[in-house]
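Labels below follow one simple rule: chain letters A, B, ... track the order of the sequence lines, proteins then strands, and each chain is numbered from 1.
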There are 4 protein chains.
Amino acid sequence: MARPADPHVRSKLLRAAELIFGSVGVERAHVDAIALEAGVSKGAFYNHFPSKDDAFRELVQALLQKLGDLIPRPGTDADSTSGAEFFARCLACDQRIFEFIWENRLLMRVILEGGRSHAFVHLVDEFAEHSRRLVVDHLQYGKRVGLFREDLDVEIASAFLSGGYDRLARSIVRMNERPNFHALLAAIQNNVLYGMARAPSPAFSGDLP
Amino acid sequence: MARPADPHVRSKLLRAAELIFGSVGVERAHVDAIALEAGVSKGAFYNHFPSKDDAFRELVQALLQKLGDLIPRPGTDADSTSGAEFFARCLACDQRIFEFIWENRLLMRVILEGGRSHAFVHLVDEFAEHSRRLVVDHLQYGKRVGLFREDLDVEIASAFLSGGYDRLARSIVRMNERPNFHALLAAIQNNVLYGMARAPSPAFSGDLP
Amino acid sequence: MARPADPHVRSKLLRAAELIFGSVGVERAHVDAIALEAGVSKGAFYNHFPSKDDAFRELVQALLQKLGDLIPRPGTDADSTSGAEFFARCLACDQRIFEFIWENRLLMRVILEGGRSHAFVHLVDEFAEHSRRLVVDHLQYGKRVGLFREDLDVEIASAFLSGGYDRLARSIVRMNERPNFHALLAAIQNNVLYGMARAPSPAFSGDLP
Amino acid sequence: MARPADPHVRSKLLRAAELIFGSVGVERAHVDAIALEAGVSKGAFYNHFPSKDDAFRELVQALLQKLGDLIPRPGTDADSTSGAEFFARCLACDQRIFEFIWENRLLMRVILEGGRSHAFVHLVDEFAEHSRRLVVDHLQYGKRVGLFREDLDVEIASAFLSGGYDRLARSIVRMNERPNFHALLAAIQNNVLYGMARAPSPAFSGDLP
DNA sequence: CATGAATGAGGGTTCATTCAT
DNA sequence: TATGAATGAACCCTCATTCAT
């Protein structure tokens with residue numbers, strides 16, 4: 001191998017690309033800037049990636065792959081799961097996901113903001129739909145095992161819930177300090193998810209418009 | 001002086017800009033295309049707007065202004081409001097907002113998707129924070145008048161709720177058919193908002209992780 | 001029309017392109033250089049031509065069109081044409097063609113040298129085949145009316161003749177002084193074409209290898 | 001040291017260069033492609049040649065050298081040569097030349113088409129002038145020994161003849177099948193060269209324009 | 001005010017050449 | 001000597017903005 005002095009150029013470029021894409025979006029990310037950030041020349045970039053967009057795609061696909069691996073399919077465990085166990089498992093999973101998002105907040109930000117480029121807006125949609133399906137799965141499972149109200153509209157609730165998590169992700173990727181994910185997610189569960197539990201709060205029964 | 005002075009050029013340009021921005025985002029919207037769509041020349045565009053970005057800003061500010069006008073400050077009504085009335089008023093307000101969003105879905109889409117341009121990402125944040133503040137106000141009011149659980153974390157719940165509405169807005173601006181807003185928002189209220197009401201569902205008390 | 005001060009930019013660009021293409025070939029012709037030569041900016045070039053190659057194509061097609069118009073189809077005249085008249089007409093036609101080539105020697109040179117670009121080599125072939133077909137037509141006509149030897153192989157002779165004219169064209173486009181076309185072409189006719197006339201010179205009959 | 005020292009690398013590179021140059025011309029021939037074709041690395045190429053252009057020059061010079069060696073100077077034989085012998089010798093020589101061209105058609109094609117690069121156009125001219133001088137020599141010799149008409153303009157006839165041969169060469173280097181050179185060249189001699197013989201065909205004497 | 005040709009800074013990509021191993 | 005990653009100068013084309021008419 002020629003010039004094996006620095007076998008890390010590719011990953012340095014990927015890290016630099018992540019940083020630059022995360023700072024200014026795909027469209028305004030200059031290959032020059034990425035190379036400069038990586039400490040190599042523009043030509044070196046093209047030794048490793050066919051094009052700027054390809055580098056972005058590679059980053060995104062790797063990220064979404066890893067993210068997908070974090071998420072278990074629900075309902076594969078014993079059906080005897082109690083409500084407490086169910087919510088605890090959800091919480092643990094959420095925590096893993098959001099910690100991953102925090103670790104990869106630069107790139108996640110680009111993805112969540114549509115690559116800040118018309119060409120990659122579809123990524124937002126795919127990611128959003130992907131996460132909504134996950135919520136649907138969990139809600140359906142929860143409903144099946146009697147954890148949720150029977151009149152829960154899974155489609156509506158999932159859209160809303162995943163929207164809330166989406167917003168949470170959007171705010172996390174812009175934070176400077178690592179938040180306390182356990183406390184945050186537990187509070188969310190306590191404040192929001194339980195609201196979907198079996199009975200609407202009796203205080204308002206009969207009041208529905 | 002190819003065409004007689006057209007007093008409506010400016011608004012034709014604004015409409016065209018809205019269409020083009022909405023179709024391809026700010027970055028990929030060419031002034032040529034806007035002028036063509038408006039049926040005037042590129043030069044005419046610059047007679048009315050200092051720059052492409054200024055035209056976009058003007059559109060956005062006008063939109064956000066009108067949107068803000070739709071939203072009443074809570075708590076200005078009589079304090080004796082019952083829970084049913086409170087939720088009904090919320091629902092009515094939400095309906096006005098989402099109908100407005102539907103009417104202006106082209107531009108809203110651009111705003112929600114970050115202007116698809118680095119230069120305008122802050123607009124998303126401002127809009128998001130703006131709508132979150134509104135939710136905070138309502139939650140605080142509701143809490144003050146005893147409609148919500150005392151342990152409701154207003155900051156968390158508002159972030160989550162406005163995230164859900166945000167997601168809803170994002171899906172609406174991409175729809176081809178006008179959805180039934182009343183049914184949709186009532187379902188959301190039934191499924192989500194009531195969950196925050198005074199008592200957590202008794203089924204799970206004690207189970208909190 | 002805006003800025004009609006100089007309505008000649010397009011033709012100035014065409015002339016400049018002809019000059020630059022003629023000097024260095026299509027591949028090494030820089031759009032900057034063409035614009036500079038025309039006294040306008042690079043952007044102006046793209047106001048008038050979709051691409052560098054398109055400008056070249058336009059130049060070539062116009063030239064070949066005009067060149068084609070110069071060449072009469074043979075045999076449309078009275079069949080009673082005498083040999084002297086036939087050769088005189090050929091001479092007049094050749095003279096028109098070569099004078100045209102001289103007038104357009106810059107661009108002709110590029111065409112004859114394959115655009116000096118791989119992408120345009122086919123032009124040489126097309127042009128060569130085009131001119132060979134013309135010679136074939138004339139030879140066939142001449143043979144039919146008895147001007148040429150019956151054993152004249154029209155395919156071979158035409159390839160050879162058009163090759164000779166081709167070489168002549170190639171040398172003309174590189175000349176600095178206008179040659180005397182009448183004298184030159186008459187001498188060629190006298191030296192070469194008559195050699196194909198009815199009988200091989202008796203001096204060598206029977207000597208063929 | 002990936003592969004054992006290969007003493008044939010240089011000639012493998014030359015063969016590869018010939019192939020690539022012949023396929024796409026000098027300008028579009030990438031050093032990468034040449035090295036790949038030769039089965040070595042790009043660096044190896046630069047161990048053997050100072051530059052891409054130098055490799056091309058070397059190929060061309062070797063070819064022209066070998067081509068020059070094929071051609072005898074005329075008139076060194078006995079002066080008593082008969083016309084038949086003269087033409088027969090010419091034919092044999094032509095045949096050697098065109099067979100050589102056929103064997104080296106890849107590179108010849110590049111040369112004949114101007115190296116398809118501005119930098120090498122002069123090679124075409126040199127080669128063309130070189131071959132024209134040869135024809136001049138032969139014509140002068142033939143004229144001196146009385147084989148050709150006294151009014152033969154050697155400069156004109158040679159330009160024309162070498163042009164015809166040039167065209168022939170250009171078509172040969174693009175053929176897929178080896179033509180029958182003897183038949184072809186004999187036909188040319190019969191159709192063209194004899195036309196320059198001593199007397200213009202009597203049919204047209206007096207008709208010259 | 002309207003027009004649209006002209007401007008020119010910029011950016012993605014290519015590829016001959018260099019050089020550390 | 002062989003390797004192939006690194007270099008960086010070019011160069012085509014885009015498009016927001018200017019400005020003479």
Check the distance between E/dT14's C1' and D/K52's NZ and give it to me in whole angstrom. 11 Å
Look only at the side chain of B/K42 and the backbone of B/A35, and say whether a donor-acceptor pair between them is shorter than 3.5 Å. no
Output the residues of residues 37-50 of chain C in contact with DNA chain F, where contact means a heavy atom of the residue under 4.0 Å from an atom of the strand; sort by number or write none. C/K42, C/Y46
Shortest non-hydrogen separation from A/L19 to A/S23 and the atoms involved: O-OG, 2.7 Å
Would you say B/L106 and B/F21 make side-chain contact, with heavy atoms under 4.5 Å? no
Between the side chains of B/E58 and B/R10, is the shortest nitrogen-to-carboxylate-oxygen separation below 4.0 Å, so that they form an ion pair? yes
Grab the two heavy atoms, one from B/A169 and one from B/I101, that are nearest each other, plus how far apart they are. CB-CD1, 4.1 Å
Calculate the interatomic distance between C/I34 atom CD1 and F/dC11 atom P; express it in whole Å. 12 Å
Are B/F45 and B/V9 packed together at the side-chain level, in the sense that at least one heavy-atom pair is separated by less than 4.5 angstrom? no
Hey, is the main chain of D/H30 close enough, under 3.5 Å, to the side chain of D/K52 for a donor-acceptor pair? no
I need the CZ-C1' distance between C/R10 and E/dG4, as an integer number of Å. 16 Å
Heavy-atom closest contact (A/L13 atom, A/H48 atom, distance): CD1-CD2, 3.7 Å
Euclidean distance, atom CG of residue B/L36 to atom C1' of F/dA16 [Å, nearest integer]: 17 Å
To the nearest Å, how far apart are B/D32 CG and E/dG4 P? 11 Å
Rounded to whole Å, please give me the gap between CG in B/L13 and C1' in E/dA2. 11 Å
Length of the line joining A/R28:CZ and E/dG12:C1', which is rounded to integer Å: 16 Å
With a 4.0 Å cut-off on heavy atoms, is C/A29 in touch with a base, just the backbone sugar-phosphate, or nothing at all? sugar-phosphate
Checking contacts here: which listed nucleotide (F/dC11, F/dT17, E/dG12) is nearest the side-chain heavy atoms of A/H30? E/dG12
Between A/S11 and A/L14 (side chain of the first, backbone of the second, donor and acceptor by atom type, cut-off under 3.5 Å), is there such a pair? no
Per the 3.5 Å Watson-Crick/G-U criterion and a run length of at least three, the stems involving DNA chain F are E:2-21 with F:2-21
What's the CD1-C1' distance between C/I20 and F/dC12, to the nearest Å? 16 Å
